[in-house]
Structure formats: C-alpha cells, structure tokens
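Accompanying notes for the structure given below.
Being a predicted model, the structure only gives us computed values, none of them experimental. By convention in this document, chain letters (A, B, ...) are assigned in the order of the sequence lines, proteins followed by strands, and residues within each chain are numbered from 1.
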Number of protein chains: 2
Amino acid sequence: MIDSSPVPNRPKAAPRPSSLSGGHPLPEGRDHYTISEVAEVTGLSAHTLRWYERIGLMPHVDRSHTGQRRFRNRDLDWLALVGKLRLTGMPVADMVRYAELVREGEHTFEARQELLEATRRDVRARIEELRDTLAVLDYKIDLYADARRASERF
Amino acid sequence: MIDSSPVPNRPKAAPRPSSLSGGHPLPEGRDHYTISEVAEVTGLSAHTLRWYERIGLMPHVDRSHTGQRRFRNRDLDWLALVGKLRLTGMPVADMVRYAELVREGEHTFEARQELLEATRRDVRARIEELRDTLAVLDYKIDLYADARRASERF
DNA sequence: TAGAACCCTGGAGTGCACTCGAAGCAAGCG
DNA sequence: CGCTTGCTTCGAGTGCACTCCAGGGTTCTA
C-alpha cells in the first residue's frame, strides 16, 4: 500500500531469511527459469523484470542460445532482496547503486555494509513512525466508538 | 524516505495524540495563520496546501476580507491527522474520501470508523513486513561483518 | 509612500516507478 | 502449415503526488 500499486500479488511470506539462500517453491529444482516463470514467483511483471535489467538493477542475467533470458536461482535470491529493500521504500536509484557495488567486487564490502546499515536505521525509524500513527488511529477509532455507543444509548 | 521527498523538515514528534486537540508550538496562541506559517509548522509547501484544498482534502479554509487563506487551529489538527495517514501510505484519494465523509456529517461515523479500522489493519501489516525486512537486513549486515572480520584476520 | 515580501489563481511541468504498444523472431502443437 | 504463446527491443504512455510558473493583487516595514 505504500506506493501506488506495488507487487500486485506478492507471494504471501518468506518465513526466514533463508529465502535468500535457496529454497524457492518453484516448478522443479531446476536452475533456469523463463521470464514468465520469474514473474509468477516474484509477483513482478515481465515488463518490470526487463526494466530492472535495463536500469542496472540485475547483476547480469544469462541468455539462451536464441537470446531469451534464463534466470537462475541466484537471480531469484537477488530479486527477493530487492523486494525487501523496495518494501522499505528505498528508491530504485539507491538499489541500483547497491547493485553496482556488488558488481564492483569484494572491495566494496564496507560500502555495502554501510548502505545496509543506513537502510536499517531508516526502517527502524519508519517502524517507530508507524507505531505513533497506530496510536493516533486507536485514539480516533475509540472516539468514534464512544460517540456511536452514546448515540445508541439515548 | 518512503516517498520521494516527503515532509522535508517535519516537526520532530508529537508526543501524544493530544496533538489532535490543540497544543501547537506556534507563534502565539492565535487562531488564524497565513499559509506560510502553516507551511512552516507542517513541513508542507504552500503549493501543497493550496493543492490539498483544491482536491477537497481540506474541510473549507476561512478567507480574509481580501481572499487570503486564514488557517485555524482545527485546520492544523486536520493537517496533523492527514500527515499521519500519509505516513501510512494511504493514497490521497482515500484521504479525500475520508474528508468527504467528515463534510457529510455525523451520520457517516460508522463509515469513518470502518475506514480508520481498515487503515489500522494495513499499518499493522506494514509493521510486520518491515520487521521481516529488518531481519533480512540484520542477516545481510552480519554476513558482511563476518566477511570483513575474516579478511582482516588473515 | 515606496519597495520588499507575501499571497492569489489556473494551468503546466516534474520525477518516480512502472506499464504498455508495436514490430518482429522463435518454439511447440494439431 | 498455420496458430498460439512467448520472447526480443525501443520508445512512448500512465498515475500519483506534488511542484512550479505567469501575471497580478495585498500587506508589512522603513
């Protein structure tokens, strides 16, 4: 709900961070998938997947001998992470930056860690904001409940 | 961070839902403010405030004898609520719907309560999502920390 | 009373994140 | 063999939430 129409039919929940290291509920234990299969499991459209690749948000997807994309499990893992980052409201441009760091190799570990820590701070702050908001909603809802109860009684 | 550049310099925190019923830290205890004063305290731009009014998100703002807006404390209270709802990611169109219900009078109490309860459910779900995301971030950050510690040791 | 600073309106423009269309190639099926 | 489905690219279109502009009126300060 946080942005216009995100993840129309997102898979219901990844129970553990283990979804980052294999274990997708997919057709079979293959390690290559067509774009429509990936669209199916990620809830993203094929258009969006191609667009992700175009803007540099995917770390190089394999192609079949006829040029069609063949996504692999590591791509799905990456998309799972991207999905999480997107939930935090991180702009796509920042995710692209992170993807660039990954492409640049291991000497960017520190920068990546800092980026994730900054994101974690944002997420924590956001949760606090939402808790405040929840308090306001509770307060308002109680007001309406009281008002309606009062008007029924008389 | 959740949308592009929201609330650039939002006032730091309303300690209680009491911010919904008076108690604004404003110039003095007046009950009319110019648009730029309201922009100052809400963190919204004057443009945005006029736009809110145009689309029906403000419940009728008073005007001076020359036609300039004179916001009152109840307008600030309303904007505080709108700010909270906006933090939940509620689309502006839904907030407009809520504003319409308010304008329609007391017979919409039930509808308003339902709308707020639906929003509350969304906020709770969102908090859960963010907690999941936090777990993933913790996991990833630990991975980087371990990797960097290991590379230092050898 | 002049000038700066502020406010008005309607409408156009911006940035983000998709989302779709057009034109064409390739594979599987009855 | 034709049909359907799915894939490719590039570029244009969409919806949201602002954000800004032009051209003019108003209010405050020196």
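Atom CE of B/Met95 is separated from atom P of D/dC16 by 13 Å (rounded to the nearest Å). Taking atom CZ of residue A/Arg54 and atom P of nucleotide D/dT8, one finds them 12 Å apart after rounding to whole Å. In this structure, the NE2 atom of B/His47 is 13 Å from the P atom of C/dC6, given to the nearest Å. Here D/dT9 presents its P atom at 9 Å from CD1 of A/Ile35, a figure rounded to the nearest Å. The CE atom of B/Met90 sits 11 Å away from the P atom of D/dA17 (whole-angstrom rounding). In this entry the distance linking CZ of B/Arg50 with C1' of C/dG10 reads 12 Å, nearest Å. Between the CE atom of B/Met58 and the P atom of D/dC18 there is a distance of 14 Å, given to the nearest Å. One interatomic measurement links the two molecules: CD of A/Glu40 to C1' of D/dG6, which rounds to 15 Å at whole-angstrom precision.
The side chain of A/Arg63 contributes no N or O atom lying less than 4.0 Å from OP1 or OP2 of C/dA26. In terms of phosphate contacts, B/Arg70 brings no side-chain nitrogen or oxygen within less than 4.0 Å of OP1 or OP2 of C/dC8. Distances shown here put a side-chain N or O of B/Tyr52 below 4.0 Å from the OP1 or OP2 atom of D/dC18. Proximity of A/Arg86 to the phosphate of C/dC18: a side-chain N or O atom is located under 4.0 Å from OP1 or OP2. Using a 4.0 Å cut-off, no side-chain N or O of A/Ser36 falls inside it from OP1 or OP2 of D/dT5.
Distances from the side chain of B/Trp51 to the nucleotides C/dC18, D/dT19, D/dT8 place D/dT19 closest. Counting only heavy atoms from C-beta on, B/His65 has its side chain closest to D/dT27 among D/dT27, D/dA17, C/dA12. The nucleotide whose nearest atom lies closest to any side-chain atom of B/Thr34 is, among C/dC7, D/dC7, D/dC10, C/dC7. Ranking C/dG11, D/dT8, D/dT27 by closeness to the B/Ser64 side chain, first place goes to D/dT27.
As judged by a 4.0 angstrom heavy-atom cut-off over every strand, B/Arg69 is placed among residues touching the sugar-phosphate backbone only.
A donor-acceptor pair shorter than 3.5 Å cannot be found between the side chains of B/Tyr33 and B/Arg70. No side-chain N or O of B/Tyr98 forms a donor-acceptor pair with one of B/Arg112 less than 3.5 Å apart.
Of the two residues near DNA chain D, B/Thr48 and B/Thr66, the one whose nearest nucleotide lies more 5' is B/Thr48. Each of A/Ser45 and A/Gln68 was matched to the nucleotide of DNA chain C holding its nearest heavy atom; the match closer to the 5' end belongs to A/Ser45.
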Item to check | Test side-chain contact (heavy atoms from CB on, under 4.5 Å) applied to B/Asp75 and B/Val38, step by step | outcome: CA-CA 9 Å; B/Asp75 298 319; B/Val38 175; over 6 Å; no
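A salt bridge links B/Arg63 and B/Glu53; the closest N-O separation between the charged side-chain nitrogens and carboxylate oxygens is under 4.0 Å. A salt bridge does not link B/Arg97 with B/Asp94: every distance from a Lys NZ or Arg NE/NH1/NH2 to an Asp or Glu carboxylate oxygen is 4.0 Å or more.
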